[in-house]
Every structure is written in C-alpha cells, then in structure tokens.
Student: 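Sharing a structure with you now.
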Amino acid sequence: MTNQTYFTSECVSPGHPDKIADQISDAVLDACLEHDPASRVACETFCTTGQVVVGGEITTTTYVDIQKIVRSKIEEIGYRTGMGFDNDCGVLNAIHSQSPDIAQGVDTGGAGDQGIMFGGAVDETPELMPLALVLSREIIRELTDITRSGKLEWARPDAKSQVTLAYNEDGTISHVETVVVSVQHNEDVTNEQIREDVIKLVITPVLEKYNLDIKKVNNFHINPTGRFVIGGPHGDAGLTGRKIIVDTYGGFFRHGGGAFSGKDPSKVDRSAAYAARWVAKNIVGAGFATKCEVQLSYAIGVDHPTSIKVDTFRTGSVEEIKLAAAVMNVFDLSPRGIEQALELRTPNFKYQDLAAFGHIGRTDIDLPWERLDKIEELKKATK
C-alpha cells in the first residue's frame, strides 16, 4: 500500500460552452468600461444549439453592440458552420438597468453585495500557484494554441484537461499520477491519432516545462469515451459562472461561491477575490508561510470588510492573528480601495482574456493582484 496522497485539478478550453458564456459576459463588461469606467455591469450569458441569450443588469452611458460582441467572440473562439454552433446563431438581448436599491449602497463606496471570498498562494510553482491547476491549465493553453494555428487539423474548440499529482507524506510532490484530456474532433480522425498527437504535442512539452518526467505518469486517459465529435453549446449548454474552480485554484483552496465574469469591480465576488489573492501571495512572497489562504467577507452597502482571516496551514513563521492585523494595516480592502489599488476600472488587460484562461496566477498578463509589491510593508507591520 502506498503512503502517498493524491490531488486533482481540471481546466477547460475557451471553446467549452461555459467558458464561451464567461467570455461573452466579460466582453460586454470590457465594452462598457472602455468608454464609461463607472459602468455598473452584471451580465449573464446562456448559450445552446444555435442560440445565445445575454441578460442581466447594466447601467452605462455608452452604447454596447451586443450582437457584434457575441458574434465576434464566437468567431474568435473558433466555431464554424457545421459544428451546430457558429456566429450565425440567434442572439437575444435581455439586459435592463441596475436596481436603484442596490445602487444607493454602492454609490457611497459600499460593497455591491454581501458574501465571502477566498484567495490563496502556495510555493509549488514560481507564480505561487497549485501545480495541479497550473499543469491542467497549461495543457489547455498548449492545446488551444496548436488547434488555432491549424497544426492539429482534426481538433475543434471544445476541450477539457485534468491532472492528478501524487504527494509524499512530507507534502512534497512525487510525480504526475494521471493526465486526462478530452478534445472535440472531426469525423475523420482515429482515436490512435488523437492519443499520439495529444501526448506528443501537448502533454509532453508542458511536463518538460515544469521538469516532470512523462515516463513516470501512470495513467493517460485521452478521449476516454472514444468519441467527441458533438461538442460546444451544441453538445452541452453553457452558462456564465459555472467554472469558478477552474477560474481560481482548481479546488486547492476554498471558494466563496461567487463567480467573476460579467461583473464590474463594485461586485466584491470579483474584486475582493482578486484582493485576497494579492494579500495571500504577498504573505507567501514575504516568507511568512509556504501556503496561505485569506478569507474576506462583506455586507452590502458597507465600505469595509466585516472580517479578515489568514490561514497558513501550520506553515507560518508569524502568528495568524498578527498577520491578519498586519493585513488590515497594509491593505485598503474597501471596495473602492481595491478598485483603485488593482486598477480594476481602468485595466491594462481585457477581462475576457481572464475568462478564457483563468483569473489567478497568470504570468502572461501583468495583473496587479499578482504583484509582490507589499512585502516590505508587511514585514514592517509584523515587527
């Protein structure tokens, strides 16, 4: 019997139906913020065979062409005629303005809703992210890149990955136990070709990047059902906010339950989750712990957190209560303070790009909540 334990994370491609919905919702948000940074947006998207429904509450001074946004995003993702879903689909716009009852609390600088948010960091990767999530996400990114380049002529946009890591008793990572990849394909390709291409062109380069031996992987499940021709919204309906674990830490840390996409920064589901990551990453970056999780909570209309909790999972060199006090002194975690510090209303990135490949731990985009810019202040505050 092995003394190892196992942990698994998954990721989905931008062509997954739920991710299509996330990207459309965030593309609407991007369009609003581009010309009116004060926009209030809560945009939800539903997509199925030949149909996209965009609804929710938006208050903005700019005009947003919902039809154009939806069709452009579908084309960018890679859906074409004959896949049961393409940019000729029907688009229903069911958007209305934000409730004034909510607005009166947000206008004064309060949170847009109550709720709990979590952020975390761990020293398993240079970006201080859980390795299982990073690997599954990198597999999807590599697969998406070579699919869009035409290198995999048989591949279609919808795909999922899953990576299981084996951990030793001391908490160190032993090896990759299992890799699962399911990728939509055309009618002509064989299962053998799919397996060969995915292992050689996708999985191997990703594991090599993280100095992991592919020969030690005990199980590969590549398109385990044997067929994945019907995919995307034609195979399974998509809905904004159904991939919240994929968007964050792959289940390695807790999640408050609130989705990100389609929400402007007054919604603490999004902004405070980014802030919690910022705090946790700086705590680990400062050397106070090798693993850290931060919980924040808010009340609607109230301009400061109702609670802050720091958990270092017994890896900390400073008491958690002392760390929480330092966090309160160093970080302005009011909704407006977060918006300003993390540049959320005038971002140098597109929210729709976060919806495609994850909101946390990105190294390809300069995200303010990934910066280790509070280490020295935290060290002073804990003395």
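Residues: numbered from 1 along the sequence shown. Predicted model, so just to flag it, every value in this text is computed and none were measured. Only heavy atoms go into these numbers, but all of them, side chains included; no hydrogens, no water, no symmetry mates.
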Student: Quick check on the 6.0 Å ring-centre criterion: do Tyr274 and Phe260 meet it?
Tutor: yes
Student: Can you give me the closest heavy-atom contact between Gly241 and Asp22, atom names plus distance?
Tutor: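 Smallest interatomic distance, heavy atoms only, reads N-OD1, 2.8 Å.
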Student: Do Gln184 side-chain atoms and Asp158 backbone N/O form a donor-acceptor pair below 3.5 Å?
Tutor: yes
Student: For Glu57, is there an ion pair with Lys263 - N to carboxylate O distance below 4.0 angstrom?
Tutor: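 No, Lys263 and Glu57 are not salt-bridged.
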Student: Leu29 versus Arg270: any side-chain heavy-atom pair under 4.5 Å?
Tutor: yes
Student: Enter the distance from Cys89:SG to Gln67:CD here, rounded to the nearest 0.5 Å.
Tutor: 8.5 Å
Student: Find out if a path of hydrophobic residues (ILVMFWY) with successive side-chain heavy-atom gaps under 4.5 Å connects Ile173 to Val284.
Tutor: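 As far as the 4.5 Å side-chain criterion goes, Val284 and Ile173 are not connected within one cluster.
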Student: Atom CD1 in Ile20, atom OH in Tyr79: separation rounded to 0.5 Å?
Tutor: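 Answer rounded to 0.5 Å: 4.0 Å.
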Student: Applying a strict under-4.5 Å side-chain criterion to I, L, V, M, F, W and Y, I'd like to know whether Val246 and Leu165 cluster together.
Tutor: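 No, separate clusters.
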Student: For atom CD1 of Ile230, decide whether the heavy atoms of other residues, nucleotides or ligands shown that lie under 6.0 angstrom number more than 12.
Tutor: no
Student: How about Ser25 and Ser261: does a side-chain donor come under 3.5 Å of a side-chain acceptor?
Tutor: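 Distance-only check fails for Ser25 and Ser261.
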Student: Test salt bridge (charged side-chain N to carboxylate O under 4.0 Å, His left out) on Lys380 and Glu377; report intermediate values, then the result.
Tutor: CA-CA 5 Å; Lys380 290 179 183 178; Glu377 291 179 68; over 6 Å; no
Student: Tell me the closest heavy-atom pair linking Gly84 and Thr49, and the distance in Å.
Tutor: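 Distance-wise, the nearest heavy atoms are O-CG2, 3.5 Å.
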Student: Do side-chain atoms of Thr382 reach the backbone of Lys379 as a donor and acceptor pair under 3.5 angstrom?
Tutor: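 Side chain of Thr382 to backbone of Lys379: a pair is present.
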Student: Looking just at side-chain N and O atoms, do Asp36 and Thr62 make a donor-acceptor pair shorter than 3.5 Å?
Tutor: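 Checked: Asp36/Thr62 side chains show no N/O donor-acceptor pair below 3.5 Å.
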Student: Can you give the donor-acceptor pairs under 3.5 Å from side chains of residues 118-139 to other protein atoms, not counting sequence neighbours?
Tutor:
| residue | atom | partner | partner atom | Å |
| --- | --- | --- | --- | --- |
| Glu124 | OE1 | Leu131 | N | 2.8 |
| Glu124 | OE1 | Tyr167 | OH | 3.2 |
| Glu124 | OE2 | Tyr167 | OH | 2.8 |
| Thr125 | OG1 | Leu128 | N | 3.4 |
| Thr125 | OG1 | Met129 | N | 2.9 |
| Thr125 | OG1 | Met129 | O | 3.1 |
| Ser136 | OG | Ala132 | O | 3.1 |
| Ser136 | OG | Leu133 | O | 3.0 |
| Arg137 | NH1 | Ile360 | O | 3.0 |
| Arg137 | NH2 | Ile360 | O | 2.8 |
| Glu138 | OE1 | Lys209 | NZ | 3.2 |

Student: Working to the nearest 0.5 Å, report the span between NE2 of His185 and OG1 of Thr147.
Tutor: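 Separation between the atoms: 12.5 Å.
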Student: Is it the case that one hydrophobic cluster holds both Ile194 and Phe228, taking links as side-chain heavy atoms less than 4.5 Å apart, direct or via other members?
Tutor: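 No, no single cluster joins them.
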Student: Looking just at side-chain N and O atoms, do Ser334 and His304 make a donor-acceptor pair shorter than 3.5 Å?
Tutor: no
Student: Has Asn93 got a side-chain atom pairing as donor or acceptor with Ile95's backbone, closer than 3.5 angstrom?
Tutor: yes
Student: Would you say Val176 and Ile140 are hydrophobically clustered, going by side-chain heavy atoms of ILVMFWY under 4.5 Å?
Tutor: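 No, Val176 does not connect to Ile140 through the hydrophobic network.
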Student: Spell out, as yes or no, whether a donor-acceptor pair under 3.5 Å connects the side chain of Arg80 to the backbone of Asn87.
Tutor: no
Student: Give the ring-plane orientation class for Phe313 versus Phe253, where under 30° counts as parallel, over 60° as perpendicular and anything between as tilted.
Tutor: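 Rings of Phe313 and Phe253: tilted, 30 to 60°.
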Student: Measuring from atom CZ of Arg314 to atom OG1 of Thr290, what distance do you get when rounded to the nearest 0.5 angstrom?
Tutor: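 So the gap between those two atoms works out to 13.5 Å.
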Student: Search all heavy atoms of Leu333 against all heavy atoms of Tyr298 and return the closest pair with its distance.
Tutor: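 Heavy atoms of Leu333 and Tyr298 come nearest at O-OH, 2.7 Å.
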Student: Over all heavy atoms of both residues, which pair between Ile116 and Ser297 is shortest? Give the atoms and the distance, please.
Tutor: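 Closest approach of Ile116 to Ser297, heavy atoms only: CG2-CB, 3.9 Å.
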Student: With rounding to the nearest 0.5 Å, note down the distance linking OG1 in Thr60 to CD in Glu34.
Tutor: 11.0 Å
Student: Please report the interatomic distance OG1(Thr45) to CG(Leu239), rounded to the nearest 0.5 Å.
Tutor: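 Result: 8.5 Å between the selected atoms.
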Student: Could you go through Asp26 and Lys19, starting from their C-alpha distance and side-chain angles, then the distance that decides it, and tell me whether this counts as salt bridge (charged side-chain N to carboxylate O under 4.0 Å, His left out)?
Tutor: CA-CA 10 Å; Asp26 268 342; Lys19 276 286 132 207; over 6 Å; no
Student: For the pair Trp278 and Phe331, name the ring-plane relationship: parallel under 30°, tilted 30 to 60°, perpendicular over 60°.
Tutor: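 Perpendicular.
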Student: Please report the C-alpha distance between Lys281 and Glu370 in whole Å, then the side-chain angles of each, then the deciding distance to 0.1 Å, and finally whether the salt bridge (charged side-chain N to carboxylate O under 4.0 Å, His left out) criterion is met.
Tutor: CA-CA 7 Å; Lys281 187 172 183 180; Glu370 296 297 326; 3.0 Å; yes
Student: Look at the side-chain heavy atoms of Ile, Leu, Val, Met, Phe, Trp and Tyr, link any pair under 4.5 Å apart, and say whether Val198 and Tyr210 land in one connected group.
Tutor: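 Looking at the clustering, Tyr210 is in the same group as Val198.
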Student: Is the side chain of Asp311 donor-acceptor paired with the backbone N or O of Val294 at a distance under 3.5 Å, no angle test?
Tutor: no
